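A quick note: this is a predicted structure, and the numbers were derived from the prediction, not measured.
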Amino acid sequence: KQMVSTQSTGSNNKIREIKNLESCQILETLEIRHNQVENISGISHLSRLTSLSLSSNKISHLPLANIPTTLTFLGLFGNKVEDLQNVLSVTENMEYLEKLFIGSNPFCNNLPLKETFGVSVTYVPQSNGVKRAKCDEVKLTLREVLDLLKSKCPSLKNIDNNII
């Protein structure tokens, strides 16, 4: 009987790019923490992935098409993500997401350590009738940010170890 691993860990290996995972279709857990990853385009085809840990890398943007919607855990703590709108767009498509680690990114000013947050979100109707979030500069409390993320992704139970 052949053993097949559904987990892969590449932490602390100075990895810059995620690639050559085409043969890893059964992968359920991928940990690439504490590396130098900037682009995550190499994971879009991992349709069984439920846990993705990319904390402490150099990721500044989350391309919606590149993140599997099957995730229950997404770890992005300590990256370079600057846009809350980007995080909202990605998480609203993840119906199974339960845990999201996003602290220590520029957009959240070290959420949840700060009392206030410099972004406001309004919903703008699009021509197709779908409402999209638009971010403006104002102050929100941590609770308001957590509530906003929870409203966009109802399955979320935990953000940066804050039970919501």
Side-chain angles (χ1 to χ4, degrees), residues 5-21 24-119 121 133 135 140 142-164:
S5 177
T6 59
Q7 299 184 29
S8 179
T9 300
S11 297
N12 300 306
N13 287 316
K14 299 181 183 175
I15 296 171
R16 295 182 181 274
E17 186 177 3
I18 303 171
K19 60 182 180 179
N20 300 323
L21 295 177
C24 301
Q25 295 296 318
I26 63 166
L27 199 60
E28 294 175 0
T29 299
L30 181 60
E31 293 183 12
I32 304 180
R33 295 174 286 143
H34 302 282
N35 284 286
Q36 298 171 10
V37 175
E38 294 178 14
N39 183 323
I40 58 171
S41 61
I43 62 170
S44 60
H45 64 282
L46 300 175
S47 60
R48 292 188 183 181
L49 200 62
T50 58
S51 180
L52 178 61
S53 183
L54 297 168
S55 295
S56 300
N57 277 288
K58 296 182 178 182
I59 299 165
S60 61
H61 182 73
L62 305 170
L64 184 59
N66 292 346
I67 299 180
T69 59
T70 53
L71 296 180
T72 59
F73 172 83
L74 177 58
L76 294 167
F77 188 90
N79 275 282
K80 298 183 181 290
V81 180
E82 296 183 10
D83 185 9
L84 175 62
Q85 172 62 46
N86 184 215
V87 175
L88 292 172
S89 295
V90 169
T91 57
E92 74 183 350
N93 291 313
M94 296 181 174
E95 67 179 283
Y96 306 108
L97 189 65
E98 294 179 3
K99 287 189 177 183
L100 175 64
F101 284 12
I102 55 171
S104 291
N105 276 284
F107 87 86
C108 59
N109 200 15
N110 294 322
L111 177 73
L113 301 177
K114 296 287 182 183
E115 186 71 26
T116 60
F117 187 81
V119 175
V121 178
C135 298
L140 294 178
L142 172 60
R143 179 80 255 158
E144 290 170 322
V145 171
L146 296 176
D147 289 345
L148 175 63
L149 286 167
K150 178 71 173 171
S151 74
K152 298 302 286 177
C153 186
S155 61
L156 267 175
K157 297 176 185 165
N158 186 306
I159 299 175
D160 287 346
N161 282 331
N162 289 297
I163 296 173
I164 57 174

Show the numbers, then the answer: is there a side-chain contact (heavy atoms from CB on, under 4.5 Å) between Leu71 and Thr50? CA-CA 4 Å; Leu71 296 180; Thr50 58; 5.5 Å; no
Check step by step if side-chain contact (heavy atoms from CB on, under 4.5 Å) holds for Ile102 and Val81. CA-CA 9 Å; Ile102 55 171; Val81 180; over 6 Å; no
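Here Arg48 pairs with nothing under the side-chain hydrogen bond (donor to acceptor under 3.5 Å, both in side chains) rule; sequence neighbours left out. Residues meeting the side chain to side chain contact (heavy atoms under 4.5 Å, CB included) test with Lys58, sequence neighbours left out: Gln36, Glu38, Lys80. Residues that satisfy the side-chain hydrogen bond (donor to acceptor under 3.5 Å, both in side chains) test with Ser44, not counting sequence neighbours, are absent from this structure. Residues satisfying the side-chain hydrogen bond (donor to acceptor under 3.5 Å, both in side chains) test with Glu98, not counting sequence neighbours, are none.
Side-chain contact between Glu31 and Thr29: present, with at least one pair of heavy atoms (C-beta onward) separated by less than 4.5 Å.
Residue pairs satisfying the ring pair (Phe, Tyr, Trp, His ring centres under 6.0 Å) criterion with at least one member in residues 38-57, sequence neighbours excluded, are absent. Listed by first then second residue, pairs satisfying side chain to side chain donor-acceptor pair (under 3.5 Å) with a partner in residues 61-73 read His61-Asn86, not counting sequence neighbours.
What you find for Gly42 and Leu21 is that their closest heavy atoms are O-CD1, 3.9 Å. Annotation for Ile40 and Ile59: closest pair CG2-CD1, 3.6 Å, computed over non-hydrogen atoms. Across Met94 and Ile67, no two heavy atoms sit closer than the pair CE-CG2, 3.0 Å. Heavy-atom minimum distance, Asn105 versus Asn79: OD1-C, 3.0 Å. Across all non-hydrogen atoms, the minimal contact from Ile43 to Ile18 is CG2-CG2, 3.7 Å. Scanning all heavy atoms of the two residues, the minimum distance from Asn35 to Ile15 falls at OD1-N, 2.9 Å.
With values rounded to the nearest 0.5 angstrom, Ser56 atom OG is found 7.0 Å from Phe77 atom CZ. The distance from the CG atom of Leu76 to the CG atom of Asn57 is 9.5 Å, given to the nearest 0.5 Å.
Under a 3.5 Å cut-off, the side chain of Ser55 and the backbone N or O of Arg33 do not form any donor-acceptor pair.
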